[in-house]
Amino acid sequence: SSTSQGNSFLVPGATMATIVMLGALHARRMYNDKKIEEAREKGVEFEFQPDIKATFLRLVPLRSISRFWGFLTSVLQSSKTDLGNRFRWKETRKQISASNENISETSTSVDALSALALGLRRMERLRSAVDVVVPTLSSKIAILERGNYRGERERERERERERERASERARRHFSSELPIWFRPHVYRAWARAFHSNLEEAAKPLNEYASLREFFVRSLKEDSRPIDSNPCCLISPVDGTVLRFGDLKEAGTMIEQVKGFSYSVSSLLGARPLLPSMEDVQQESRVQEKAPRDEDKKSWWRITLASPKVRDPEPASPMKGLFYCVLYLKPGDYHRIHSPVDWNVLVRRHFSGRLFPLNERATRTIRNLYVENERVVLEGRWEEGYMAMAAIGATNIGSIELFIEPALGTNRPRKKLLHSEPPQERIYEPAGAGVMLKKGDEVAAFNMG
Amino acid sequence: STVVLVFQAPISVPGDESVSSEFKFSIREGDRVRVGEALGR
(Lines give C-alpha, C1' and ligand atoms only; values in the text may rest on other atoms or scores of the structure.)
Protein backbone atom coordinates (compact mmCIF):
# COMPACT_ATOMS: atom_id res chain seq x y z
CA SER A 1 0.00 0.00 0.00
CA SER A 2 2.95 2.34 0.76
CA THR A 3 4.32 1.89 -2.79
CA SER A 4 0.94 2.52 -4.34
CA GLN A 5 0.57 5.60 -2.11
CA GLY A 6 4.09 6.68 -3.18
CA ASN A 7 3.14 6.26 -6.86
CA SER A 8 -0.14 8.05 -6.49
CA PHE A 9 1.76 10.99 -5.00
CA LEU A 10 4.59 10.76 -7.57
CA VAL A 11 2.49 11.25 -10.72
CA PRO A 12 0.80 14.56 -9.78
CA GLY A 13 4.13 15.77 -8.32
CA ALA A 14 5.98 15.14 -11.61
CA THR A 15 3.16 16.70 -13.59
CA MET A 16 3.17 19.77 -11.38
CA ALA A 17 6.96 20.06 -11.67
CA THR A 18 6.74 19.90 -15.48
CA ILE A 19 4.03 22.53 -15.62
CA VAL A 20 5.97 24.83 -13.26
CA MET A 21 9.14 24.37 -15.35
CA LEU A 22 7.31 25.10 -18.65
CA GLY A 23 5.69 28.13 -17.01
CA ALA A 24 9.08 29.41 -15.85
CA LEU A 25 10.57 28.92 -19.34
CA HIS A 26 7.65 30.76 -20.92
CA ALA A 27 7.90 33.62 -18.39
CA ARG A 28 11.63 33.94 -19.08
CA ARG A 29 10.95 33.93 -22.84
CA MET A 30 8.33 36.67 -22.44
CA TYR A 31 10.75 38.71 -20.26
CA ASN A 32 13.47 38.40 -22.93
CA ASP A 33 11.06 39.39 -25.72
CA LYS A 34 9.90 42.40 -23.67
CA LYS A 35 13.53 43.45 -23.13
CA ILE A 36 14.18 43.16 -26.88
CA GLU A 37 11.04 45.17 -27.65
CA GLU A 38 12.11 47.97 -25.26
CA ALA A 39 15.62 48.02 -26.70
CA ARG A 40 14.24 48.13 -30.22
CA GLU A 41 12.05 51.08 -29.30
CA LYS A 42 15.18 52.86 -28.02
CA GLY A 43 16.66 52.24 -31.47
CA VAL A 44 19.19 49.67 -30.26
CA GLU A 45 20.24 47.43 -33.19
CA PHE A 46 20.96 43.83 -32.18
CA GLU A 47 24.09 42.24 -33.54
CA PHE A 48 24.24 38.78 -35.00
CA GLN A 49 25.23 36.30 -32.29
CA PRO A 50 24.94 32.59 -33.07
CA ASP A 51 24.19 30.54 -29.95
CA ILE A 52 24.08 26.91 -28.92
CA LYS A 53 20.31 26.70 -29.54
CA ALA A 54 20.80 27.65 -33.19
CA THR A 55 23.36 24.88 -33.55
CA PHE A 56 21.07 22.46 -31.72
CA LEU A 57 18.21 23.36 -34.07
CA ARG A 58 20.20 21.87 -36.94
CA LEU A 59 19.89 18.47 -35.33
CA VAL A 60 16.12 18.65 -34.75
CA PRO A 61 13.91 16.96 -37.45
CA LEU A 62 12.10 20.24 -38.22
CA ARG A 63 10.54 18.99 -41.44
CA SER A 64 8.87 16.05 -39.70
CA ILE A 65 7.66 18.40 -36.95
CA SER A 66 6.31 20.78 -39.61
CA ARG A 67 4.52 18.02 -41.48
CA PHE A 68 3.09 16.61 -38.25
CA TRP A 69 1.87 20.12 -37.35
CA GLY A 70 0.13 20.35 -40.72
CA PHE A 71 -1.44 16.93 -40.18
CA LEU A 72 -2.51 17.91 -36.66
CA THR A 73 -4.18 21.17 -37.70
CA SER A 74 -6.11 19.46 -40.44
CA VAL A 75 -6.94 16.21 -38.66
CA LEU A 76 -6.98 17.02 -34.91
CA GLN A 77 -10.48 18.42 -35.15
CA SER A 78 -11.88 15.37 -36.87
CA SER A 79 -11.10 13.21 -33.82
CA LYS A 80 -13.73 15.35 -32.04
CA THR A 81 -15.98 14.88 -35.02
CA ASP A 82 -15.39 11.13 -35.19
CA LEU A 83 -17.92 10.55 -32.42
CA GLY A 84 -20.39 12.90 -34.06
CA ASN A 85 -19.69 11.33 -37.41
CA ARG A 86 -19.93 7.84 -36.06
CA PHE A 87 -23.35 8.73 -34.68
CA ARG A 88 -24.35 10.24 -38.01
CA TRP A 89 -22.86 7.22 -39.78
CA LYS A 90 -25.18 4.98 -37.68
CA GLU A 91 -28.07 7.20 -38.80
CA THR A 92 -26.98 6.82 -42.40
CA ARG A 93 -26.68 3.08 -41.98
CA LYS A 94 -30.21 2.95 -40.51
CA GLN A 95 -31.48 4.90 -43.52
CA ILE A 96 -29.64 2.51 -45.84
CA SER A 97 -31.13 -0.57 -44.11
CA ALA A 98 -34.59 1.10 -44.20
CA SER A 99 -34.24 1.71 -47.92
CA ASN A 100 -32.96 -1.86 -48.29
CA GLU A 101 -36.17 -3.06 -46.58
CA ASN A 102 -38.36 -1.14 -49.03
CA ILE A 103 -36.20 -2.44 -51.84
CA SER A 104 -36.67 -6.00 -50.57
CA GLU A 105 -40.46 -5.35 -50.23
CA THR A 106 -40.60 -4.08 -53.80
CA SER A 107 -38.54 -7.03 -54.93
CA THR A 108 -41.01 -9.45 -53.24
CA SER A 109 -43.88 -7.76 -55.04
CA VAL A 110 -41.88 -8.00 -58.24
CA ASP A 111 -41.36 -11.72 -57.59
CA ALA A 112 -45.14 -12.04 -57.21
CA LEU A 113 -45.51 -10.22 -60.53
CA SER A 114 -43.03 -12.49 -62.30
CA ALA A 115 -44.81 -15.56 -60.77
CA LEU A 116 -48.03 -14.13 -62.21
CA ALA A 117 -46.35 -13.66 -65.60
CA LEU A 118 -45.21 -17.30 -65.34
CA GLY A 119 -48.77 -18.40 -64.54
CA LEU A 120 -50.03 -16.38 -67.45
CA ARG A 121 -47.53 -18.05 -69.68
CA ARG A 122 -48.82 -21.46 -68.48
CA MET A 123 -52.39 -20.42 -69.17
CA GLU A 124 -51.24 -19.34 -72.57
CA ARG A 125 -49.80 -22.73 -73.21
CA LEU A 126 -53.02 -24.33 -71.90
CA ARG A 127 -55.11 -22.20 -74.13
CA SER A 128 -52.67 -22.19 -77.03
CA ALA A 129 -55.44 -23.80 -79.12
CA VAL A 130 -57.62 -20.85 -78.41
CA ASP A 131 -56.17 -18.69 -81.22
CA VAL A 132 -58.63 -15.90 -80.74
CA VAL A 133 -57.37 -15.13 -77.26
CA VAL A 134 -53.71 -15.85 -77.71
CA PRO A 135 -52.56 -12.67 -79.55
CA THR A 136 -54.05 -10.27 -76.98
CA LEU A 137 -52.73 -12.30 -74.04
CA SER A 138 -49.19 -12.53 -75.41
CA SER A 139 -49.12 -8.78 -76.06
CA LYS A 140 -50.27 -8.26 -72.45
CA ILE A 141 -47.53 -10.53 -71.15
CA ALA A 142 -44.93 -8.74 -73.26
CA ILE A 143 -46.09 -5.39 -71.81
CA LEU A 144 -45.87 -6.82 -68.29
CA GLU A 145 -42.38 -8.20 -68.90
CA ARG A 146 -41.25 -4.88 -70.34
CA GLY A 147 -42.73 -3.20 -67.27
CA ASN A 148 -41.03 -5.73 -65.06
CA TYR A 149 -37.71 -5.29 -66.84
CA ARG A 150 -38.01 -1.50 -66.59
CA GLY A 151 -38.91 -1.88 -62.92
CA GLU A 152 -35.85 -4.05 -62.41
CA ARG A 153 -33.62 -1.48 -64.07
CA GLU A 154 -35.27 1.29 -62.07
CA ARG A 155 -34.65 -0.59 -58.87
CA GLU A 156 -31.05 -1.20 -59.83
CA ARG A 157 -30.60 2.51 -60.56
CA GLU A 158 -32.29 3.38 -57.23
CA ARG A 159 -29.94 1.01 -55.40
CA GLU A 160 -26.98 2.58 -57.19
CA ARG A 161 -28.16 6.08 -56.32
CA GLU A 162 -28.69 5.05 -52.67
CA ARG A 163 -25.21 3.58 -52.49
CA GLU A 164 -23.80 6.77 -54.04
CA ARG A 165 -25.65 8.99 -51.56
CA ALA A 166 -24.53 6.87 -48.60
CA SER A 167 -20.88 6.85 -49.66
CA GLU A 168 -21.04 10.61 -50.36
CA ARG A 169 -22.40 11.19 -46.87
CA ALA A 170 -19.68 8.96 -45.40
CA ARG A 171 -16.98 10.73 -47.46
CA ARG A 172 -18.15 14.13 -46.26
CA HIS A 173 -18.34 13.05 -42.63
CA PHE A 174 -14.94 11.40 -42.56
CA SER A 175 -12.95 14.32 -44.04
CA SER A 176 -11.01 16.43 -41.50
CA GLU A 177 -13.80 18.59 -40.13
CA LEU A 178 -14.44 20.32 -36.87
CA PRO A 179 -17.87 19.83 -35.37
CA ILE A 180 -19.61 22.99 -36.53
CA TRP A 181 -20.44 24.31 -33.03
CA PHE A 182 -16.77 23.92 -32.02
CA ARG A 183 -15.17 25.86 -34.88
CA PRO A 184 -15.70 29.52 -33.86
CA HIS A 185 -14.20 28.79 -30.42
CA VAL A 186 -11.00 27.39 -31.93
CA TYR A 187 -10.58 30.27 -34.41
CA ARG A 188 -11.35 32.94 -31.80
CA ALA A 189 -8.73 31.41 -29.51
CA TRP A 190 -6.22 31.47 -32.39
CA ALA A 191 -7.13 35.09 -33.21
CA ARG A 192 -6.68 36.11 -29.57
CA ALA A 193 -3.32 34.38 -29.30
CA PHE A 194 -1.96 35.76 -32.60
CA HIS A 195 -3.90 39.04 -32.97
CA SER A 196 -5.76 38.04 -36.14
CA ASN A 197 -8.57 40.25 -37.41
CA LEU A 198 -11.62 37.96 -37.67
CA GLU A 199 -13.90 40.69 -39.04
CA GLU A 200 -12.13 40.51 -42.42
CA ALA A 201 -12.52 36.74 -42.95
CA ALA A 202 -14.45 36.17 -46.19
CA LYS A 203 -16.66 33.39 -44.74
CA PRO A 204 -18.47 32.93 -41.41
CA LEU A 205 -16.15 31.18 -38.92
CA ASN A 206 -18.20 27.99 -38.78
CA GLU A 207 -17.64 27.42 -42.49
CA TYR A 208 -13.89 26.84 -42.12
CA ALA A 209 -13.68 23.06 -41.81
CA SER A 210 -10.26 23.03 -40.08
CA LEU A 211 -7.64 25.35 -38.59
CA ARG A 212 -5.49 24.77 -41.65
CA GLU A 213 -8.30 25.99 -43.91
CA PHE A 214 -8.95 28.98 -41.63
CA PHE A 215 -5.23 29.88 -41.69
CA VAL A 216 -5.19 30.31 -45.48
CA ARG A 217 -8.54 32.19 -45.50
CA SER A 218 -9.25 34.86 -48.06
CA LEU A 219 -10.57 38.29 -47.04
CA LYS A 220 -13.85 40.07 -47.67
CA GLU A 221 -14.12 42.02 -50.92
CA ASP A 222 -12.31 45.42 -50.74
CA SER A 223 -10.52 44.57 -47.48
CA ARG A 224 -7.23 45.44 -49.21
CA PRO A 225 -7.67 48.36 -51.67
CA ILE A 226 -4.83 48.36 -54.25
CA ASP A 227 -2.92 51.66 -54.63
CA SER A 228 -3.88 52.64 -58.17
CA ASN A 229 -0.91 54.98 -58.72
CA PRO A 230 0.66 53.45 -61.87
CA CYS A 231 4.16 54.39 -60.68
CA CYS A 232 3.98 52.63 -57.34
CA LEU A 233 5.01 49.17 -56.24
CA ILE A 234 2.64 47.71 -53.63
CA SER A 235 3.19 45.39 -50.71
CA PRO A 236 2.50 41.78 -51.79
CA VAL A 237 1.61 40.69 -48.22
CA ASP A 238 0.44 41.87 -44.83
CA GLY A 239 3.51 42.04 -42.63
CA THR A 240 6.31 44.00 -40.97
CA VAL A 241 9.08 45.72 -42.92
CA LEU A 242 12.32 44.12 -41.73
CA ARG A 243 14.80 45.57 -44.27
CA PHE A 244 14.74 47.53 -47.46
CA GLY A 245 17.17 49.51 -49.57
CA ASP A 246 19.15 49.49 -52.78
CA LEU A 247 21.95 47.13 -53.58
CA LYS A 248 24.14 49.81 -55.10
CA GLU A 249 25.96 50.38 -51.83
CA ALA A 250 25.77 46.86 -50.47
CA GLY A 251 26.99 45.09 -53.60
CA THR A 252 24.81 42.05 -53.94
CA MET A 253 24.41 41.40 -50.20
CA ILE A 254 21.29 41.95 -48.05
CA GLU A 255 21.76 42.47 -44.32
CA GLN A 256 19.97 39.72 -42.31
CA VAL A 257 20.78 41.49 -39.07
CA LYS A 258 23.54 43.89 -38.09
CA GLY A 259 26.79 42.00 -38.44
CA PHE A 260 25.55 39.37 -40.88
CA SER A 261 24.51 39.57 -44.57
CA TYR A 262 23.51 37.00 -47.15
CA SER A 263 23.88 37.14 -50.92
CA VAL A 264 21.01 37.88 -53.30
CA SER A 265 22.18 35.31 -55.85
CA SER A 266 22.20 32.56 -53.16
CA LEU A 267 18.68 33.60 -52.12
CA LEU A 268 17.23 33.77 -55.63
CA GLY A 269 19.29 31.01 -57.17
CA ALA A 270 19.61 33.25 -60.23
CA ARG A 271 23.15 33.97 -61.36
CA PRO A 272 22.82 37.72 -61.66
CA LEU A 273 25.93 39.02 -63.42
CA LEU A 274 25.97 42.12 -61.29
CA PRO A 275 29.32 43.69 -62.11
CA SER A 276 31.57 44.38 -59.12
CA MET A 277 31.14 47.80 -57.49
CA GLU A 278 34.32 49.19 -59.22
CA ASP A 279 32.85 48.27 -62.62
CA VAL A 280 29.58 49.92 -61.65
CA GLN A 281 31.25 53.20 -60.60
CA GLN A 282 33.57 53.07 -63.66
CA GLU A 283 30.58 52.38 -65.95
CA SER A 284 28.39 55.10 -64.46
CA ARG A 285 31.26 57.66 -64.90
CA VAL A 286 31.45 56.62 -68.56
CA GLN A 287 27.66 56.82 -68.78
CA GLU A 288 27.64 60.43 -67.52
CA LYS A 289 30.16 61.53 -70.16
CA ALA A 290 29.34 59.63 -73.33
CA PRO A 291 25.73 59.40 -74.49
CA ARG A 292 24.46 55.84 -74.38
CA ASP A 293 24.75 54.41 -77.83
CA GLU A 294 23.39 51.17 -79.12
CA ASP A 295 26.55 49.11 -78.84
CA LYS A 296 27.33 50.28 -75.25
CA LYS A 297 26.38 47.33 -73.08
CA SER A 298 23.82 48.16 -70.43
CA TRP A 299 25.80 48.20 -67.18
CA TRP A 300 23.12 46.39 -65.23
CA ARG A 301 23.24 43.08 -67.01
CA ILE A 302 21.22 40.58 -65.10
CA THR A 303 20.97 37.09 -66.42
CA LEU A 304 17.55 35.72 -65.87
CA ALA A 305 16.59 32.25 -66.74
CA SER A 306 16.20 33.10 -70.38
CA PRO A 307 18.66 35.46 -72.15
CA LYS A 308 15.75 36.93 -74.10
CA VAL A 309 14.94 39.11 -71.12
CA ARG A 310 18.23 40.98 -71.00
CA ASP A 311 17.73 44.70 -70.70
CA PRO A 312 16.66 45.55 -74.28
CA GLU A 313 16.43 49.33 -73.84
CA PRO A 314 20.03 50.64 -73.62
CA ALA A 315 18.61 54.18 -73.74
CA SER A 316 16.49 53.70 -70.59
CA PRO A 317 17.38 55.76 -67.46
CA MET A 318 19.97 54.37 -65.11
CA LYS A 319 18.63 51.39 -63.22
CA GLY A 320 19.35 50.34 -59.66
CA LEU A 321 18.54 47.05 -57.91
CA PHE A 322 16.33 47.41 -54.82
CA TYR A 323 15.13 44.95 -52.19
CA CYS A 324 12.51 44.74 -49.46
CA VAL A 325 12.16 42.05 -46.74
CA LEU A 326 8.67 41.58 -45.22
CA TYR A 327 8.01 39.32 -42.19
CA LEU A 328 4.55 37.76 -41.68
CA LYS A 329 3.46 36.96 -38.09
CA PRO A 330 1.46 33.73 -37.51
CA GLY A 331 -1.78 35.73 -37.13
CA ASP A 332 -1.35 37.73 -40.35
CA TYR A 333 -3.31 37.22 -43.55
CA HIS A 334 -1.14 34.69 -45.40
CA ARG A 335 -1.93 35.08 -49.07
CA ILE A 336 0.66 36.63 -51.42
CA HIS A 337 -0.36 39.12 -54.13
CA SER A 338 1.42 40.59 -57.13
CA PRO A 339 3.40 43.78 -56.28
CA VAL A 340 3.23 45.18 -59.85
CA ASP A 341 2.07 44.27 -63.35
CA TRP A 342 4.75 41.80 -64.40
CA ASN A 343 5.54 38.64 -66.37
CA VAL A 344 6.69 35.68 -64.29
CA LEU A 345 9.20 33.79 -66.42
CA VAL A 346 10.76 31.30 -64.02
CA ARG A 347 9.83 29.50 -60.83
CA ARG A 348 12.58 28.05 -58.62
CA HIS A 349 11.79 25.78 -55.62
CA PHE A 350 14.48 25.18 -52.98
CA SER A 351 13.48 22.40 -50.59
CA GLY A 352 16.06 23.49 -47.95
CA ARG A 353 15.40 23.45 -44.22
CA LEU A 354 12.52 24.73 -42.11
CA PHE A 355 14.11 26.82 -39.38
CA PRO A 356 11.73 29.15 -37.52
CA LEU A 357 11.82 32.67 -39.01
CA ASN A 358 11.06 34.66 -35.86
CA GLU A 359 13.11 37.58 -34.57
CA ARG A 360 15.37 35.39 -32.45
CA ALA A 361 16.16 33.07 -35.39
CA THR A 362 17.23 36.01 -37.60
CA ARG A 363 19.63 37.05 -34.83
CA THR A 364 21.17 33.63 -34.23
CA ILE A 365 21.00 31.47 -37.38
CA ARG A 366 23.33 32.45 -40.22
CA ASN A 367 22.03 32.40 -43.82
CA LEU A 368 18.54 31.76 -42.48
CA TYR A 369 16.71 32.85 -45.65
CA VAL A 370 19.20 31.09 -47.91
CA GLU A 371 18.89 27.80 -45.99
CA ASN A 372 15.11 27.65 -45.58
CA GLU A 373 12.59 26.11 -48.00
CA ARG A 374 11.43 28.76 -50.43
CA VAL A 375 9.80 29.40 -53.81
CA VAL A 376 11.33 32.12 -56.01
CA LEU A 377 9.40 33.73 -58.87
CA GLU A 378 11.51 35.69 -61.32
CA GLY A 379 10.55 37.82 -64.29
CA ARG A 380 10.24 41.33 -65.68
CA TRP A 381 8.20 44.43 -65.08
CA GLU A 382 8.19 47.72 -66.96
CA GLU A 383 11.33 48.92 -65.13
CA GLY A 384 13.28 45.70 -65.67
CA TYR A 385 14.09 42.75 -63.40
CA MET A 386 11.63 41.59 -60.70
CA ALA A 387 11.90 38.64 -58.31
CA MET A 388 9.84 37.56 -55.29
CA ALA A 389 10.98 34.90 -52.80
CA ALA A 390 8.38 33.30 -50.47
CA ILE A 391 10.29 31.67 -47.58
CA GLY A 392 8.65 29.02 -45.38
CA ALA A 393 9.23 28.31 -41.68
CA THR A 394 8.65 25.38 -39.30
CA ASN A 395 4.99 26.12 -38.56
CA ILE A 396 4.26 27.48 -42.05
CA GLY A 397 6.27 25.09 -44.15
CA SER A 398 4.36 24.82 -47.40
CA ILE A 399 3.89 27.38 -50.14
CA GLU A 400 0.99 26.96 -52.56
CA LEU A 401 1.32 28.63 -55.99
CA PHE A 402 -2.03 29.56 -57.54
CA ILE A 403 -0.27 29.93 -60.90
CA GLU A 404 1.10 26.38 -60.58
CA PRO A 405 -1.18 24.36 -58.27
CA ALA A 406 0.72 21.12 -58.98
CA LEU A 407 3.85 22.35 -57.17
CA GLY A 408 4.27 20.39 -53.92
CA THR A 409 6.42 21.83 -51.11
CA ASN A 410 7.42 20.64 -47.60
CA ARG A 411 7.77 17.12 -48.95
CA PRO A 412 9.30 14.36 -46.78
CA ARG A 413 13.07 14.63 -47.12
CA LYS A 414 14.47 12.04 -49.54
CA LYS A 415 18.13 12.82 -49.02
CA LEU A 416 19.84 14.00 -45.90
CA LEU A 417 21.93 16.61 -47.66
CA HIS A 418 20.27 19.97 -47.71
CA SER A 419 22.13 21.44 -50.59
CA GLU A 420 20.18 19.78 -53.39
CA PRO A 421 19.87 22.10 -56.42
CA PRO A 422 16.58 23.99 -56.83
CA GLN A 423 13.88 22.59 -59.13
CA GLU A 424 13.37 25.16 -61.84
CA ARG A 425 10.49 25.64 -64.25
CA ILE A 426 10.35 28.15 -67.12
CA TYR A 427 6.78 29.26 -67.72
CA GLU A 428 5.36 29.05 -71.25
CA PRO A 429 5.36 30.81 -73.61
CA ALA A 430 9.13 31.32 -73.14
CA GLY A 431 9.96 35.01 -72.86
CA ALA A 432 6.39 35.95 -71.93
CA GLY A 433 5.62 33.50 -69.09
CA VAL A 434 2.63 34.14 -66.83
CA MET A 435 1.21 37.68 -66.91
CA LEU A 436 0.19 39.02 -63.46
CA LYS A 437 -1.65 42.27 -62.73
CA LYS A 438 -0.85 44.36 -59.65
CA GLY A 439 -2.82 42.93 -56.70
CA ASP A 440 -3.53 39.52 -58.28
CA GLU A 441 -3.41 36.57 -55.83
CA VAL A 442 -0.22 34.64 -56.60
CA ALA A 443 0.40 32.20 -53.74
CA ALA A 444 -0.37 31.32 -50.13
CA PHE A 445 1.58 30.10 -47.12
CA ASN A 446 0.00 26.94 -45.68
CA MET A 447 0.29 25.53 -42.18
CA GLY A 448 2.60 22.54 -41.87
CA SER B 1 7.18 33.27 -42.98
CA THR B 2 8.98 35.93 -44.99
CA VAL B 3 8.73 37.48 -48.47
CA VAL B 4 11.75 39.11 -50.13
CA LEU B 5 11.31 41.37 -53.16
CA VAL B 6 14.28 42.17 -55.44
CA PHE B 7 13.61 44.48 -58.37
CA GLN B 8 15.16 46.92 -60.81
CA ALA B 9 14.00 50.55 -60.79
CA PRO B 10 15.32 53.89 -62.04
CA ILE B 11 17.91 55.71 -59.94
CA SER B 12 19.17 59.27 -60.26
CA VAL B 13 22.62 59.80 -61.74
CA PRO B 14 24.78 62.26 -59.70
CA GLY B 15 24.57 65.68 -61.40
CA ASP B 16 21.84 64.62 -63.78
CA GLU B 17 18.75 65.93 -61.97
CA SER B 18 16.68 65.50 -65.13
CA VAL B 19 15.84 61.96 -64.07
CA SER B 20 12.62 62.70 -62.21
CA SER B 21 11.59 59.02 -62.21
CA GLU B 22 14.02 57.96 -59.49
CA PHE B 23 12.45 55.18 -57.34
CA LYS B 24 11.97 56.01 -53.65
CA PHE B 25 10.67 53.80 -50.82
CA SER B 26 7.78 55.20 -48.80
CA ILE B 27 8.25 52.92 -45.76
CA ARG B 28 10.47 52.67 -42.67
CA GLU B 29 11.94 49.62 -40.94
CA GLY B 30 9.47 48.15 -38.45
CA ASP B 31 6.41 49.56 -40.29
CA ARG B 32 3.33 47.34 -40.49
CA VAL B 33 2.22 47.12 -44.15
CA ARG B 34 -0.84 45.54 -45.76
CA VAL B 35 -1.47 44.09 -49.20
CA GLY B 36 -2.10 46.88 -51.72
CA GLU B 37 -0.31 49.67 -49.82
CA ALA B 38 2.54 51.39 -51.68
CA LEU B 39 6.05 50.30 -50.67
CA GLY B 40 7.60 52.90 -52.94
CA ARG B 41 7.06 55.04 -56.03
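Side-chain contact between Tyr385(A) and Val6(B) is present, with at least one heavy-atom pair separated by less than 4.5 Å. Two residues are said to be in side-chain contact when any heavy atoms from C-beta on lie closer than 4.5 Å; Asp332(A) and Arg32(B) meet this criterion. Side-chain contact between Leu233(A) and Leu5(B): present, with at least one pair of heavy atoms (C-beta onward) separated by less than 4.5 Å.
Comparing Arg28(B), Arg41(B), Arg34(B) by heavy-atom pairs within less than 4.5 Å of chain A, the highest count is held by Arg34(B). Counting heavy-atom pairs under 4.5 Å between each of Leu219(A), Leu357(A), Val340(A) and chain B puts Leu357(A) at the top. With chain B as partner, the option from Ala390(A), Gly392(A), Gly239(A), Ser338(A) having the largest number of non-hydrogen pairs under 4.5 angstrom is Gly239(A). Between chain B and the options Ile391(A), Thr394(A), Ile396(A), the largest number of non-hydrogen pairs under 4.5 Å is found for Ile391(A). Contact count versus chain B (heavy atoms, under 4.5 Å) is highest, among Gly384(A), Pro330(A), Gly439(A), Ala387(A), for Ala387(A).
The heavy-atom pair separating Val3(B) from Pro236(A) by the smallest distance is CG1-CG, 4.1 Å. Between Gln8(B) and Trp381(A), the shortest heavy-atom distance links the atoms O-NE1, 3.0 Å. Smallest separation of non-hydrogen atoms from Ile27(B) and Cys324(A): CD1-SG, 3.9 Å. Residues Thr2(B) and Phe445(A) approach most closely at O-CZ, 3.8 Å, considering heavy atoms. Contact between Ala393(A) and Ser1(B) at its shortest, heavy atoms only, is CB-N, 4.5 Å. Taking each heavy atom of Phe7(B) and Met386(A) in turn, the nearest pair found is CB-CE, 3.6 Å.
Of the atoms belonging to Asn358(A), not a single heavy atom falls under 4.5 Å from chain B. Interface residue Leu242(A): only backbone heavy atoms are found under 4.5 Å from chain B. In this structure, chain B has a heavy atom under 4.5 Å from the backbone of Ser223(A), while its side chain stays farther away. Heavy atoms closer than 4.5 Å to chain B are found nowhere in Leu377(A), neither backbone nor side chain.
Around atom NZ of Lys437(A), no more than 12 heavy atoms belonging to other residues, nucleotides or ligands sit under 6.0 Å away.
Remark: side-chain polar atoms of Asp227(A) are not paired, donor with acceptor, to backbone N or O of Glu37(B) under 3.5 angstrom.
Between atom CZ of residue Phe322(A) and atom CG of residue Leu39(B) there is a gap of 13.0 Å, rounded to the nearest 0.5 Å.
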